[in-house]
Amino acid sequence: MTLRVPGIHHVTAISGPAQQNMDFYADVLGLRTVKQTVNFDDPGTHHLYYGDRTGTPGTAMTFFPWEHASRGGSGSGATEATGFSVPPGSLEFWADRLRGAGASPQEVTTRFDEESLRCEDPDGLILELVAGPATRETPSGPPVHPDVPAEFAVRAFHGVLLDVADPDPTARLLTDVMGFEHLGEYDGRLRFRSDEHEVGSIVDLRSTGSGATLHMGRGSVHHVAFRARDDDEQRSWRETITSAGIPVTTVQDRCYFHSIYFREPGGVLFEIATDTPGFGIDESEEELGRNLQLPRWFEARREEIEARLPRLVLPDERS
Ligand code: ZN
């Protein structure tokens with residue numbers, strides 16, 4: 001049986017100050033903060049996760065906030081834009097809301113039968129809100145925010161737009177190894193889709209010609225993670241990617257999922273992350289994202305770690 005990734009699991013980016021990041025994603029975009037933890041490779045910095053009501057795979061936008069990071073640039077190997085799926089008819093609401101928040105919404109454009117609204121988060125990370133003919137719902141439902149009507153709320157990832165010097169090798173990895181289908185081209189954007197019934201199933205590629213490679217910094221996507229349903233499927237992925245001649249890391253325990261990483265031929269860091277165990281492993285659904293959670297191997301250092309991190313205020317904790 002040929003393996004196919006269902007779609008994106010999460011997208012991880014680098015931001016500036018953590019509170020500013022939380023104010024944008026949890027308040028302006030109205031996503032739920034589903035986890036506050038630390039960067040497991042650098043516990044002196046937060047790792048913040050925003051998503052739907054439970055952080056369903058395919059909805060989690062995550063950040064490493066580095067207060068003093070320099071601004072990232074564009075170039076090959078960059079994830080130029082991260083797309084979120086919103087219901088049809090909601091873009092006018094979002095354009096107003098984003099304008100009010102200084103997120104520079106551009107004109108709505110139409111491509112591949114979808115309307116798309118491009119904007120920037122406070123660190124210059126490019127987002128696209130995409131309203132297609134049908135909205136796919138996650139089982140746990142969209143995030144709830146008092147100022148974002150449920151019929152407009154962000155549902156899940158739509159996809160990512162990757163900038164690569166030469167799209168061919170990346171395209172071959174997507175179609176011949178990862179199970180994507182080439183859907184066509186619009187305006188220099190090559191579209192690939194994995195499982196059309198799943199959220200976050202789109203990868204678009206754009207050629208940069210040759211040119212400079214990405215300078216990673218604030219406002220840059222660090223990696224794009226795709227889903228494996230469980231550890232067995234991930235093991236198969238590890239063998240499949242290795243057989244395709246691409247070096248893959250060993251399995252890393254990320255507490256909420258297990259991860260393997262590899263660099264696709266265009267330079268973008270890819271991850272394959274398991275759907276299980278999920279964000280409910282250390283908090284009740286009601287409490288998700290309210291308190292700093294540490295993996296068991298950092299618990300003994302909690303006091304020291306907490307002292308180094310900025311104290312964050314969720315939108316509903318503001319007086
Ligand atoms: Zn990741």
Side-chain angles (χ1 to χ4, degrees), residues 5-15 18 21 25 31 33-43 45-52 54-66 69 72 77-79 81-84 121 123 125 127 156-157 159-162 173 178 194 198-201 203 214 216-231 233-235 237-238 241 246-264 266-282 288-289 293-295 297-298:
V5 292
I8 291 169
H9 183 285
H10 64 270
V11 174
T12 296
I14 299 167
S15 78
N21 177 258
Y25 286 90
L31 302 180
T33 305
V34 290
K35 196 63 66 185
Q36 295 187 48
T37 184
V38 291
N39 182 339
F40 291 2
D41 300 321
D42 172 17
T45 54
H46 271 112
H47 192 178
L48 302 175
Y49 291 76
Y50 310 100
D52 73 351
T54 59
T56 307
T59 71
M61 184 77 202
T62 100
F63 289 90
F64 298 133
W66 287 329
T79 299
T82 303
F84 289 100
D121 86 352
D123 297 299
L125 186 82
L127 305 175
F157 285 118
V160 286
L161 168 60
L162 310 180
L173 172 71
M178 295 176 73
S194 55
E198 300 284 350
V199 297
S201 60
V203 173
L214 157 77
M216 188 75 69
R218 190 160 57 81
S220 304
V221 168
H222 186 268
H223 62 266
V224 179
F226 297 94
R227 293 171 53 199
R229 289 193 175 83
D230 53 32
D231 293 308
E233 203 173 283
Q234 184 177 62
R235 254 190 297 280
W237 276 118
R238 194 158 183 281
I241 308 281
I246 298 174
V248 188
T249 66
T250 54
V251 176
Q252 313 285 308
D253 182 2
R254 299 313 191 190
C255 223
Y256 311 107
F257 41 85
H258 305 141
S259 300
I260 55 174
Y261 302 85
F262 57 98
R263 207 166 282 281
E264 60 80 29
V268 183
L269 186 61
F270 278 6
E271 171 182 347
I272 292 182
T274 53
D275 285 358
T276 52
F279 296 109
I281 193 176
D282 55 5
L288 278 181
Q293 300 299 324
L294 296 176
W297 58 90
F298 285 143

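These numbers come from a predicted model, not from an experiment. Throughout, numbering of the chain's residues begins at 1 and tracks the sequence. Side chains are part of it too, since the values below use all heavy atoms of this structure and drop only hydrogens, waters and symmetry mates. Counting starts at 1 for both ligands and their atoms, following the listed order.
Using a 30° and 60° split on the angle between ring planes, F64 and H47 fall in the tilted class, from 30° to 60°. Ring-plane geometry between W297 and F40 is classed as perpendicular, the angle between the planes exceeding 60 degrees on a 0 to 90 degree scale with a lower cut at 30.
In summary, no N, O or S atom of H9 is located under 2.8 Å from the Zn ion (ligand 1). Look at H222 and the Zn ion (ligand 1): no N/O/S atom of the residue is under 2.8 Å from the metal.
E271 contributes atom OE1 as its closest N/O/S atom to the Zn ion (ligand 1).
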Worksheet item: Taking it one step at a time, do F270 and Y261 satisfy ring pair (Phe, Tyr, Trp, His ring centres under 6.0 Å)?
Response: CA-CA 6 Å; F270 278 6; Y261 302 85; over 10 Å; no
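Taking 4.0 Å as the cut-off between side-chain N and carboxylate O, D41 and R254 count as a salt-bridged pair.
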